[in-house]
Amino acid sequence: MLKINEIFYSIQGETTYTGIPTVFVRTSGCPLRCSYCDTTYAYYDGQKISIDAILDKVKSYPTKYVCLTGGEPLSQKESLSLMSRLCDLGYLVSLETSGAVTCEGVDKRVKKIIDVKTPNSGAADSFVLENIRHATLHDEFKFVICSEKDFQWAENFVDTHLSREPYTVLYSPSFGVISNKQLSEWILNSGSRARMQIQMHKYVWSPETKGV
């Protein structure tokens, strides 16, 4: 059983899978309280659902892409079994994780999107460094940038911890806090290796809309 907040079908708005029709399985519960969190409703709300029932719901949608998100999926160990079973069924699976919980045990077939929390997130000391050791080259590291201080901090983190391997590094402007243009200019002017992304779903639908 997993405590699930919602399961919905939408366009993937982030990562290198942006634009792909995807089934999102949003788990309940998260150990962090980031300043820019846009899914606070997933902190507590949800209901216990069996893995078989989750799989049946996923199968009802016309796509082979599934994203496990939260909350923090890895705060529930049953998420590991769910991801493996999805992979066994031929789904392309991605995991969005806060970086504050170990990724040990995540099926190697799963693309991990690992957040690294910046100072303005309010959770900058939460990252579990061993998650870099658990990363593979198809995984991605994401930084939400709220200020120039965050940007410089992220650049230093990448240089210090992620420079030995060609990991995909994603920088996202914190929605409504800094502009897309501002982050673009910082990336261009610094010669950053990061790939900029925006939360595309917030431009397609209203930023307050759930289930997209």
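Just so you know, these numbers use all the heavy atoms, side chains as well, and skip hydrogens, waters and symmetry mates.
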query = Just checking, any donor-acceptor pair under 3.5 angstrom between side chains of Gln197 and Ser172?
reply = yes
ask   = Are any side-chain N or O atoms of Asp45 and backbone N or O atoms of Ala42, one a donor and one an acceptor, separated by less than 3.5 Å?
value = no
query = Is there a donor-acceptor contact under 3.5 Å from the side chain of Ser98 to the main chain of Ala100?
reply = yes
Within the 6.0 Å centroid threshold, strictly below: Phe141 and Phe157 = no
message = I'd like to check Cys87 versus Val110 (side-chain heavy atoms, cut-off strictly below 4.5 Å). Are they in contact?
response = yes
request  = Mind running side chain to side chain contact (heavy atoms under 4.5 Å, CB included) on Thr39 and Cys37 for me, showing each step along the way?
outcome  = CA-CA 6 Å; Thr39 53; Cys37 182; 3.7 Å; yes
query = Quick one: which of Leu74, Asn131, Val106 gives a side chain to side chain contact (heavy atoms under 4.5 Å, CB included) with Lys112?
reply = Val106
task = For the residue pair Tyr65 and Tyr17, categorise the inter-ring angle as parallel (less than 30°), tilted (30 to 60°) or perpendicular (more than 60°).
result = perpendicular
key: Intermediate values then yes/no, side chain to side chain contact (heavy atoms under 4.5 Å, CB included), Trp186 and Ile145   = CA-CA 11 Å; Trp186 288 336; Ile145 307 298; 4.1 Å; yes
ask   = Under 3.5 Å, side chain of Gln76 to main-chain N/O of Ser28, donor-acceptor pair present?
value = yes
ask   = With a 4.0 Å cut-off, would you call Lys111 and Glu140 a salt bridge?
value = yes
task = May I ask you to say whether Asp125 pairs ionically with Lys117, meaning some side-chain N is under 4.0 Å from a carboxylate O?
result = no
inquiry  = I'd like to check the side-chain contact (heavy atoms from CB on, under 4.5 Å) partners of Ile187; sequence neighbours left out, ordered by chain and number.
reply    = Phe151, Tyr171, Leu183, Ser192, Met196
inquiry  = For a quick check under 3.5 Å, do Glu96 and Thr69 share a side-chain donor-acceptor pair by atom type?
reply    = yes
ask   = Does Asn5 use its side chain to pair, donor to acceptor, with the backbone of Thr27 at less than 3.5 Å?
value = no
request  = Could you check Val23, Ile7, Val66 and say which one makes a side chain to side chain contact (heavy atoms under 4.5 Å, CB included) with Ile54?
outcome  = Ile7
query = What about the rings of Phe175 and Tyr203, do their centers lie closer together than 6.0 Å?
reply = yes
key: Ser163 side chain to Thr160 backbone, donor-acceptor under 3.5 Å   = no
ask   = Under 3.5 Å, is there a donor-acceptor pair between the side chain of Arg195 and the main chain of Leu170?
value = no
Salt bridge (Lys or Arg N to Asp or Glu O under 4.0 Å) involving Lys142 - partner list, sequence neighbours excluded = Glu14, Asp115
